[in-house]
Amino acid sequence: PFFEAHEAMLRCLNDIGESLIEAYTGQAAGHEILGGAFLDEGTTIREICWRSKDHSFVAIGQRSTGMGTPDEDKRRLPRRSVAETLTYYCPRPLLVVQDRCEPWTDMRIMLSSVRMPSALLDSCLKFAAEVNIKPAIEFVVVSEDGKDEDKLDTLENCPEAKQVIDDLVKLVPAAKGLKVDVRRTSNLNRFWQVDAEKESASLLVVQVSEIGGVRKTTFGTSPDTIIRYLNHPAVMFWMEESEVEIPKEEKQTSSAV
């Protein structure tokens with residue numbers, strides 16, 4: 001009985017998968033998007049990571065929790081969604097789409113005192129050009145003065161930010177002339193929430209590094225917490241060593257969905 005039930009469930013899941021593929025290919029064809037659809041069997045995270053190695057980046061939907069802080073999150077079990085788990089294992093840049101939004105008008109590359117590798121910045125700029133959005137840099141300074149407020153500052157008033165930007169421009173000439181905003185906050189979580197409300201039409205890019213098998217964002221936080229408690233429509237997590245290579249003869253950006 002167990003094997004019969006397993007086979008019946010597998011047939012049912014395959015039927016659902018085939019229906020979803022048919023719906024996806026129909027919608028894609030209506031937008032003149034070239035691509036392929038696959039039906040893989042196995043552990044979800046493992047199969048997505050395996051498939052992603054043949055693509056430039058991974059795009060996945062995520063239903064926001066609507067919680068602003070961990071204190072508001074009443075889930076007793078430390079479980080993660082598929083999107084949250086992928087932030088730890090995906091070998092390619094991961095685009096997490098949490099809500100419907102207007103077409104992106106700009107890409108905001110989030111920086112901190114942790115220096116961004118020049119290859120990563122160069123790849124971000126090329127990706128922005130490919131999808132025809134304007135890149136900008138937002139340097140976030142997290143202070144510990146106890147004041148729960150966010151304020152906009154200038155590059156000239158922040159030597160730390162100026163040094164990081166100057167070093168990057170020397171290595172990536174294409175970054176010269178980019179708009180750079182410096183924001184100071186003593187509450188990073190609150191900053192993310194306010195930012196999501198004001199800049200919903202932006203594609204947020206967050207640098208992720210891996211040390212000893214543990215992934216952290218440029219702000220020292222776990223990448224999954226950003227999408228768990230942030231309501232921003234779209235966030236792209238970009239590993240330090242990852243580059244999106246787009247062939248010149250192709251106009252479409254390849255992605256694994």
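We use all heavy atoms of the structure for the numbers below, so side chains are in, but hydrogens, waters and symmetry mates are not. Keep in mind it's a predicted model, so treat the numbers as computed, not measured.
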remark   = One should read off an interatomic distance between Trp238 CH2 and Phe57 CZ, to the nearest 0.5 angstrom, of 9.0 Å

ask   = In this structure, which one of Ile137, Val164, Ile109 forms a side-chain contact (heavy atoms from CB on, under 4.5 Å) with Val180?
value = Ile137

ask   = Using 4.0 Å as the upper bound for N to carboxylate O, is an ion pair formed by Asp166 and Lys170?
value = no

ask   = After noting the C-alpha distance and the side-chain angles of Val131 and Met107, does the key distance pass the side chain to side chain contact (heavy atoms under 4.5 Å, CB included) rule?
value = CA-CA 10 Å; Val131 295; Met107 168 194 284; 5.7 Å; no

ask   = Hey, are the side chains of Pro135 and Lys179 touching, using non-hydrogen atoms and a 4.5 Å cut-off?
value = no

query = Roughly how far apart are Asn14 CG and Leu39 CG, rounded to 0.5 Å?
reply = 5.0 Å

key: Gap separating the CD1 atom of Ile165 from the NZ atom of Lys176, nearest 0.5 angstrom   = 14.0 Å

query = Can you get from Leu13 to Ile48 by hopping between Ile, Leu, Val, Met, Phe, Trp and Tyr side chains that sit under 4.5 Å apart?
reply = no

ask   = Would a distance-only check, ignoring hydrogens and angles, find a side-chain to backbone donor-acceptor pair under 3.5 Å from Arg92 to His55?
value = yes

Val140: side chain to side chain contact (heavy atoms under 4.5 Å, CB included) partners, not counting sequence neighbours = Met110, Glu138, Val142, Thr185, Leu188, Phe191, Phe219

task = Taking atom types as modelled, find out whether Gln163 and Asp167 have a side-chain donor-acceptor pair closer than 3.5 angstrom.
result = yes

request  = Take Leu203 and Ile133, measure what side chain to side chain contact (heavy atoms under 4.5 Å, CB included) needs, and give me the verdict at the end.
outcome  = CA-CA 9 Å; Leu203 171 60; Ile133 56 178; 4.2 Å; yes

Side chain to side chain contact (heavy atoms under 4.5 Å, CB included) between Phe127 and Val205, worked out = CA-CA 11 Å; Phe127 181 77; Val205 175; over 6 Å; no

request  = For Lys216 and Ser222, work out which heavy atoms get closest and say how close.
outcome  = NZ-OG, 3.6 Å

key: Short side-chain to backbone donor-acceptor contact, Ser123 and Leu120, under 3.5 Å   = no

ask   = Ser81 and Gln62: which non-hydrogen atoms are nearest, and at how many Å?
value = OG-OE1, 2.8 Å

task = Please tell me if the side chains of Val235 and Leu95 come closer than 4.5 Å, counting only heavy atoms from C-beta onward.
result = no

inquiry  = I'd like to know whether Thr85 forms a side chain to side chain contact (heavy atoms under 4.5 Å, CB included) with Asp224, so could you lay out the CA-CA distance, the side-chain angles of the two residues, the decisive distance to 0.1 Å, and finally the verdict.
reply    = CA-CA 7 Å; Thr85 305; Asp224 66 310; over 6 Å; no

ask   = Arg215 and Pro223: which non-hydrogen atoms are nearest, and at how many Å?
value = O-CD, 3.4 Å

query = Around Leu152, counting heavy atoms of other residues, nucleotides and ligands shown, do more than 12 lie under 6.0 Å from its CG?
reply = yes

note = To the nearest 0.5 Å, atom OG1 of Thr87 lies from atom CG of Leu94 at 7.0 Å

key: Heavy-atom pair with the smallest gap, counting every atom of Pro93 and Ser56   = CD-O, 3.5 Å

inquiry  = Salt bridge or not between Arg11 and Asp15? Use side-chain N to carboxylate O under 4.0 Å.
reply    = no

query = If you measure from the Lys or Arg side-chain nitrogens to the Asp or Glu carboxylate oxygens, is any gap between Lys151 and Asp153 under 4.0 Å?
reply = no

key: Minimal non-hydrogen separation, Cys49 against Leu86, with atom names   = SG-CD2, 3.9 Å

Distance in Å, Arg183 CZ paired with Cys158 SG, rounded so as to fall on 0.5 Å steps = 13.5 Å

request  = Flag yes if Trp50 and Val82 sit in one hydrophobic cluster, no otherwise; membership is Ile, Leu, Val, Met, Phe, Trp, Tyr, and two members link when side-chain heavy atoms are under 4.5 Å apart.
outcome  = no

query = If you measure only the distance, is there a donor-acceptor pair under 3.5 Å linking the side chains of Asp106 and Ser202?
reply = yes

query = Shared ILVMFWY cluster between Leu121 and Leu171, side chains joined below 4.5 angstrom?
reply = yes

message = With a 3.5 Å distance limit and no angle check, can you tell me whether Ser112 reaches the backbone of Thr218 through a side-chain donor-acceptor pair?
response = yes

query = What do you reckon, is CD of Glu47 surrounded by more than 12 foreign heavy atoms closer than 6.0 Å?
reply = yes

Carboxylate-amine/guanidinium proximity below 4.0 Å for Asp40 and Arg51 = yes

message = To the closest 0.5 Å, what do you measure between CG (Leu168) and CG (Asp122)?
response = 11.0 Å

task = Please examine the side chains of Pro91 and Ser52, heavy atoms only from C-beta on, and report whether any two atoms are closer than 4.5 Å.
result = yes

message = Using modelled atom types and a 3.5 Å cut-off, is there a donor and acceptor pairing between side-chain atoms of Gln98 and backbone atoms of His232?
response = yes

remark   = Closest heavy-atom pair, Cys90 versus Met239, reported as atoms and distance to 0.1 Å, is O-CG, 4.3 Å

ask   = Between Phe237 and Ile227, is any pair of side-chain heavy atoms under 4.5 Å apart?
value = yes

query = Given the rule that I, L, V, M, F, W and Y join up when any side-chain heavy atoms are under 4.5 Å apart, are Ile16 and Ile21 in one cluster?
reply = no

